[in-house]
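Below, each value reflects all heavy atoms present in this structure, side chains not excepted, and no hydrogens, waters or symmetry copies.
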Amino acid sequence: MAQTRCPGSFILEIADTGLAVTTLLSRFGSGYRLKNLANSISLSATLLIEVGRDVNKNEAFFKDNFQAKFEGALAKCKKEYEQVVAAVEKVNSWEKDETDETKEGPPKKPWKKLAWGLGMTNSEFSDFEDELDESYKIAMMAQVIVQLVILQVNANK
């Protein structure tokens, strides 16, 4: 017998990715900017956990097409989390090419290493930090929408 998937499972998967990124960043290095980045990701991922749990707890209120309708809104969070994972992997896998002296590796400061892994200038990295704040707002809006649906359905009982 096939087990049906809870409607909030995809949200919990995105949140798990975000929390894994937070752990990855804490191991990657320290410093204000890196900690700030990890905090932004942690906040949005924690909110997404609450959203996913609320959806699953009240799954009868959410239709079968919930994921298809709601996934696009959370795609930004998922994309940014995956970008950070790819950047850390790029930095960690970099090896100096002894045959090409012109090929520069990552800088020394952890946040600059991450910017290098993301392929961003300092200015673009600052914009990326702002984008992560936007992801938090998206997670917060998702929480509000889910809570409103639950409230509305309960009010109609």
Side-chain angles (χ1 to χ4, degrees), residues 3-93 106 109-120 122-157:
Q3 193 176 24
T4 58
R5 185 170 155 96
C6 292
S9 294
F10 80 98
I11 300 170
L12 292 172
E13 289 168 3
I14 294 170
D16 285 344
T17 301
L19 292 178
V21 169
T22 302
T23 301
L24 188 65
L25 284 175
S26 68
R27 291 182 186 145
F28 186 71
S30 61
Y32 175 76
R33 288 185 84 174
L34 216 53
K35 286 180 183 177
N36 194 36
L37 202 67
N39 287 340
S40 293
I41 293 170
S42 178
L43 283 171
S44 63
T46 302
L47 268 176
L48 291 177
I49 286 172
E50 292 304 314
V51 172
R53 286 179 181 166
D54 283 347
V55 169
N56 286 346
K57 190 180 346 174
N58 299 283
E59 66 181 294
F61 302 163
F62 298 92
K63 298 182 180 190
D64 294 337
N65 65 353
F66 172 75
Q67 181 173 350
K69 299 284 184 185
F70 213 71
E71 196 169 33
L74 301 177
K76 182 180 185 329
C77 297
K78 182 179 179 181
K79 177 185 167 221
E80 288 169 352
Y81 299 162
E82 290 172 347
Q83 270 183 286
V84 173
V85 170
V88 170
E89 288 173 354
K90 178 180 176 181
V91 170
N92 288 339
S93 68
K109 283 188 175 183
W111 76 266
K112 287 187 176 189
K113 276 187 196 178
L114 187 60
W116 179 86
L118 289 164
M120 297 179 177
N122 291 347
S123 174
E124 291 168 332
F125 188 76
S126 292
D127 292 343
F128 183 69
E129 290 172 307
D130 293 341
E131 289 295 315
L132 285 171
D133 288 338
E134 290 296 316
S135 289
Y136 170 74
K137 292 174 186 172
I138 289 170
M140 195 167 34
M141 289 305 299
Q143 183 182 40
V144 169
I145 291 167
V146 166
Q147 288 175 345
L148 284 173
V149 168
I150 294 167
L151 183 65
Q152 184 178 15
V153 172
N154 283 330
N156 287 332
K157 286 185 177 182

Practice item. Show your working on side-chain contact (heavy atoms from CB on, under 4.5 Å) between D54 and F61 and close with a plain yes or no. Key: CA-CA 10 Å; D54 283 347; F61 302 163; over 6 Å; no

Could you state the interatomic distance from [atom1] ([X]) to [atom2] ([Y]), rounded to the nearest 0.5 Å?
X	Y	atom1	atom2	value
M141	I138	CE	CD1	10.0 Å
F62	K69	CZ	NZ	15.0 Å
L48	I14	CG	CD1	6.5 Å
N58	L151	CG	CG	11.0 Å
L25	N36	CG	CG	11.0 Å
Q83	E131	CD	CD	9.5 Å

Review point. How far apart are the C-alpha atoms of T17 and K78, what are their side-chain angles, what is the distance that settles it, and do they pass the side-chain contact (heavy atoms from CB on, under 4.5 Å) test?
Key: CA-CA 8 Å; T17 301; K78 182 179 179 181; 5.9 Å; no

Practice item. Using side-chain contact (heavy atoms from CB on, under 4.5 Å) as the criterion, point out the one residue from V85, V91, N92 that pairs with V88. Key: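 Exactly one candidate clears the test, N92.
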
Atom of [X], atom of [Y] and distance for their closest heavy-atom approach:
X	Y	answer
V51	A142	CG2-C, 4.0 Å
P110	S30	CG-O, 3.5 Å
S40	D133	OG-OD1, 3.2 Å
L37	E129	CD1-CG, 3.9 Å
A45	A15	O-CB, 3.4 Å
S44	A139	O-CB, 3.7 Å

Does a side-chain heavy-atom distance below 4.5 Å link [X] with [Y]?
X	Y	answer
N39	Y136	no
C6	R53	no
E80	L132	yes
F70	N65	no
V55	I150	no
L118	L114	yes
V84	L24	no

Review point. More than 12 heavy atoms of other residues, nucleotides or ligands under 6.0 Å from CG of D64: is that the case?
Key: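 Not more than 12 within 6.0 Å, no.
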
Review point. Is it the case that more than 12 heavy atoms not belonging to K35 sit under 6.0 Å from its NZ atom?
Key: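 Result for NZ/K35: open.
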
Review point. Quick one: do E134 and K137 make a salt bridge, cutoff under 4.0 Å?
Key: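 Yes, E134 and K137 are salt-bridged.
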
Exercise for review: Would you check, one step at a time, whether the test side-chain contact (heavy atoms from CB on, under 4.5 Å) holds for N56 with L12?
Suggested key: CA-CA 10 Å; N56 286 346; L12 292 172; 3.5 Å; yes

**Study point:** Geometric cation-pi criterion K109 and W116, 6.0 Å radius, 45° cone
**Key:**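 Not satisfied by the 6.0 Å and 45° rule.
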
Practice item. Scan side-chain atoms only and decide if Y81 and S135 contain a donor-acceptor pair under the 3.5 Å cut-off. Key: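 There is no such pair between these side chains.
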
Practice item. Taking S42 for its side chain and A38 for its backbone only, find out whether a donor-acceptor pair lies under 3.5 Å. Key: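 No, S42 side chain to A38 backbone: no donor-acceptor pair under 3.5 Å.
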
